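Worksheet: one structure, shown below.
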Amino acid sequence: MYKHLQERYAPRPPVNVGTLVKMRAEGEKIACITAYDASFATLVDDAGVDVVLVGDSLGMVVQGHDTTVPVTLDDIIYHCRAVARGLYRPFLMADMPFMTYASREQALENAVRLMQDGGAKMVKLEGGASQIEIVEFLASHDIAVCAHLGLKPQSVHKVGGFRVQGREEEAAERMLKDAQALEAAGADIVLLECIPAALGKHITEQLHVPVIGIGAGPDTDGQILVLYDVLDITSGRKPKFSKNFLAGHDSALEAVKAYTQAVKTKEYPGPEHCF
């Protein structure tokens, strides 16, 4: 009973939103990674990762689809439940799949399922200004939200592929305004994907909530990578921002530890990983 009171004073207390806000304030980089099962969840926990995302990227790296669009809510719940069993310290975040948050009521119902059935502590949704009402509604019901801007994989068919976003001045300014509006609506974290490093820095400086980047330069408050890219499991052409951390290490655990350390010491991402 009252397990959270015991955990609060443990040597490795579980990460929460307050922890992430404090890390930003103190300049400590936030190390995030994806995971899709209990075994890898235990491994990334042991490696000192701060945040674990059960991402709809599982549609590509686990299920073999070309995009994340086919991933269902039941898919995410299944994998989230498995990951939750393997975690102790990291904060668990789950993606809301394609078209599972088209309305306020639908978003709330599905976010509750991710938390009650999947064990997630935060939900992540893609979209800019169009999602302000959704974020505000979820936040008003005390649901922690991560807003995802930049390259939005669920919109790949609309934007014409996996392309860097925010290169043009107008698009960059719009992304900044969207980020500020989402923060004002109640987003607890903003995630930026595949944008110029200078824009990633600018948006991070203008916000007050933690900003996590993936292909968004070295100046965001934290970094996230797909576990399969960290371990060089993904076949074929890899994103510019990915890095094989298994090279030079004897185990997957040591590779994830190396990734975590590289994020914390600001060695990753390097110039070669940035746009």
Side-chain angles (χ1 to χ4, degrees), residues 3-4 7 14-17 19-20 30-65 67-102 106-127 131 134-135 138-139 141-148 152-154 187-189 191 193 210 212 214 222 224-231 233-234 252 256:
K3 181 180 178 183
H4 63 287
E7 292 175 340
V15 174
N16 55 39
V17 171
T19 309
L20 302 178
I30 302 167
C32 316
I33 202 166
T34 66
Y36 313 107
D37 62 47
S39 295
F40 274 128
T42 301
L43 183 147
V44 301
D45 191 334
D46 290 343
V49 168
D50 302 306
V51 177
V52 171
L53 168 67
V54 178
D56 58 6
S57 51
L58 70 86
M60 302 173 73
V61 300
V62 175
Q63 297 176 337
H65 296 297
T67 72
T68 64
V69 173
V71 177
T72 67
L73 186 69
D74 286 338
D75 290 336
I76 296 290
I77 289 173
Y78 172 86
H79 287 276
C80 195
R81 187 185 296 126
V83 169
R85 295 189 187 107
L87 291 185
Y88 172 74
R89 179 180 175 274
F91 191 65
L92 179 57
M93 176 166 58
D95 264 334
M96 298 194 73
F98 179 67
M99 290 302 292
T100 61
Y101 48 98
Q106 182 193 33
L108 179 60
E109 179 182 353
N110 290 333
V112 169
R113 284 197 63 199
L114 285 170
M115 296 176 72
Q116 290 188 331
D117 299 340
K121 297 176 180 176
M122 172 179 279
V123 299
K124 180 170 76 66
L125 50 85
E126 298 180 10
Q131 301 303 330
I134 302 294
V135 170
L138 293 178
H141 287 79
D142 296 327
I143 293 175
V145 178
C146 174
H148 182 151
K152 297 169 287 188
Q154 293 174 13
D188 300 280
I189 294 178
L191 187 147
E193 179 170 0
I212 307 301
I214 178 168
I224 187 167
L225 277 182
V226 172
L227 176 63
Y228 285 42
D229 290 341
V230 169
L231 300 179
I233 295 174
T234 311
V256 180

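Just so we're clear, the structure is a prediction, and the values are computed from it rather than from any experiment.
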With a 4.0 Å cut-off, would you call R89 and D46 a salt bridge?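 A salt bridge is absent here (no side-chain N lies under 4.0 Å from a carboxylate O).
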When you look at K121 and N16, which way does the side-chain contact (heavy atoms from CB on, under 4.5 Å) test go after all the steps? CA-CA 8 Å; K121 297 176 180 176; N16 55 39; over 6 Å; no
Can you name the closest pair of heavy atoms from [X] and [Y] and give their distance?
X    : Y    : answer
V52  : P90  : CG2-CB, 3.8 Å
A35  : V83  : O-CG2, 3.6 Å
A111 : I143 : CB-CD1, 3.9 Å
G86  : D45  : O-OD2, 4.2 Å
T19  : P14  : OG1-O, 4.2 Å

Does any donor atom in the side chain of [X] or [Y] lie under 3.5 Å from an acceptor atom in the other side chain?
X    : Y    : result
T100 : N110 : no
T72  : D75  : yes
S57  : Y36  : yes

So do [Y] and [X] actually touch side chain to side chain, heavy atoms under 4.5 Å?
X    : Y    : result
V123 : C146 : no
D37  : V62  : no
F40  : L227 : yes
V230 : I33  : yes
M122 : I189 : yes
V17  : F91  : yes

Judged by atom type as modelled, is there a donor-acceptor pair below 3.5 Å linking the side chain of [X] to the main-chain atoms of [Y]?
X    : Y    : result
Y101 : E126 : yes
D56  : D95  : no
T34  : V54  : no

Candidate list Q154, Q131, K124, M96, test side-chain contact (heavy atoms from CB on, under 4.5 Å), partner H148, passing option: K124
For a side-chain contact (heavy atoms from CB on, under 4.5 Å) with C32, tell me which candidate from L20, V44, V51 qualifies. V51
Under the side-chain contact (heavy atoms from CB on, under 4.5 Å) criterion, do L231 and V256 qualify, and how do the steps go? CA-CA 8 Å; L231 300 179; V256 180; 4.3 Å; yes
For Q106, look at atom CD and say whether over 12 heavy atoms of other residues, nucleotides or ligands are found less than 6.0 Å away.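 Atom CD in Q106 is crowded, with more than 12 foreign heavy atoms closer than 6.0 Å.
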